[in-house]
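What you see is a predicted model, and the numbers here were worked out from it, not measured in a lab.
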Amino acid sequence: MLGDPASAKAWLVDNRLASPGLEYDAGDLRRLTDVRRALHELVAANGGTGLQRRAVTTLNEAARRVRLGVRLHPTDGYRLVAEGVGVDRPIGELLMSVTGAMTAGNWNRLKVCANDACQRAFYDSSRNRSGRWCSMATCGNRMKGRAYRQRHGSSRPEPGVQADRAEAAS
């Protein structure tokens, strides 16, 4: 969805992170995809992988570019708002959401799917926070089926592998 500036803009507008009137160029797209990659690495660190220094640097640089302001809201009182120019405003909104999730104690529930062909980020809603797959119906079922076939020496082709790889590529 972030393949080119036009599709990135559409995604930002659809997710209410940007207004339709703003224009983005290749540099904006690069910064946006760099932040996405860094956030993915930050989520992956919740699963026990070490946090990459590059991800921390990217997110800190993005945070420095974002201008935050304080606004009085009629019902919510004072709140932070992202005021950055161009792509910095939606990046600021994303970083404020991350900070809010960390403050609320929900950030560690975000994980990366254990299916290497998937690698989607997901919210672990399990009571004991032990979720490993984005969906038990798809990735969980496939991974458990693979493990079963490996334990029992089946030579049948794995169902869904091509679908996993096609989905991960998109």
* Measure the shortest side-chain to side-chain distance between I91 and L95 over non-hydrogen atoms and say whether it is less than 4.5 angstrom. => yes
* **Donor-acceptor pair, side chain of S126 and main chain of S130, under 3.5 angstrom** => yes
* **Any pair counted as salt bridge (Lys or Arg N to Asp or Glu O under 4.0 Å), so long as it reaches residues 61-73, sequence neighbours left out** => R65-D88, R71-E83
* Side chains of P5 and D25: does their closest heavy-atom pair fall under 4.5 Å? -> no
Please report, to 0.1 Å, the donor-acceptor pairs under 3.5 Å made by any side chain of residues 36-45, with sequence neighbours excluded.
{"unit_1": "R37", "atom_1": "NH1", "unit_2": "D34", "atom_2": "OD1", "d": "3.1"}
{"unit_1": "H40", "atom_1": "NE2", "unit_2": "Q119", "atom_2": "O", "d": "2.6"}
{"unit_1": "E41", "atom_1": "OE2", "unit_2": "R54", "atom_2": "NH2", "d": "2.4"}

* Asked: Which residues pass the side-chain hydrogen bond (donor to acceptor under 3.5 Å, both in side chains) test with S97, sequence neighbours left out?
  -> none
* Go through T58 and R31 one step at a time and tell me if the side-chain contact (heavy atoms from CB on, under 4.5 Å) criterion holds. => CA-CA 9 Å; T58 298; R31 287 201 348 261; over 6 Å; no
* To do: Give, for atom OG of S125 and atom CG of N106, the distance between the pair rounded to the nearest 0.5 Å.
  => 11.5 Å
* Do you reckon V85 sits in the same ILVMFWY cluster as V87, going by side-chain contacts under 4.5 Å, direct or chained? -> no
* Which pairs count as salt bridge (Lys or Arg N to Asp or Glu O under 4.0 Å) when at least one residue sits in residues 123-136, sequence neighbours excluded? -> K111-D124
* State plainly whether one hydrophobic cluster holds both W107 and F122, where clusters connect Ile, Leu, Val, Met, Phe, Trp and Tyr through side-chain heavy atoms under 4.5 angstrom apart. => no
* To do: Please round to the nearest 0.5 Å and tell me the distance separating atom NZ of K144 and atom CH2 of W133.
  => 5.0 Å
* To do: Examine V81 and V70 and state if one hydrophobic cluster contains both, with Ile, Leu, Val, Met, Phe, Trp and Tyr joined whenever side-chain heavy atoms are less than 4.5 Å apart.
  => no
* Kindly work out whether a path of hydrophobic side-chain contacts (I/L/V/M/F/W/Y, heavy atoms less than 4.5 Å apart) joins L32 to V13. => no
* What pairs of residues pass the salt bridge (Lys or Arg N to Asp or Glu O under 4.0 Å) test when at least one of them lies in residues 7-22, not counting sequence neighbours? -> K9-E23
* Does the N46 side chain pair with the main chain of L110, one donor and one acceptor, at a distance under 3.5 Å? -> yes
* **Pair listing, salt bridge (Lys or Arg N to Asp or Glu O under 4.0 Å) test, anchored in residues 90-109, at least two apart** => R89-E93
* Are any non-hydrogen side-chain atoms of L17 and W11 less than 4.5 angstrom apart? -> yes
* **Side-chain donor/acceptor of D76 to backbone N/O of H73, under 3.5 Å** => no
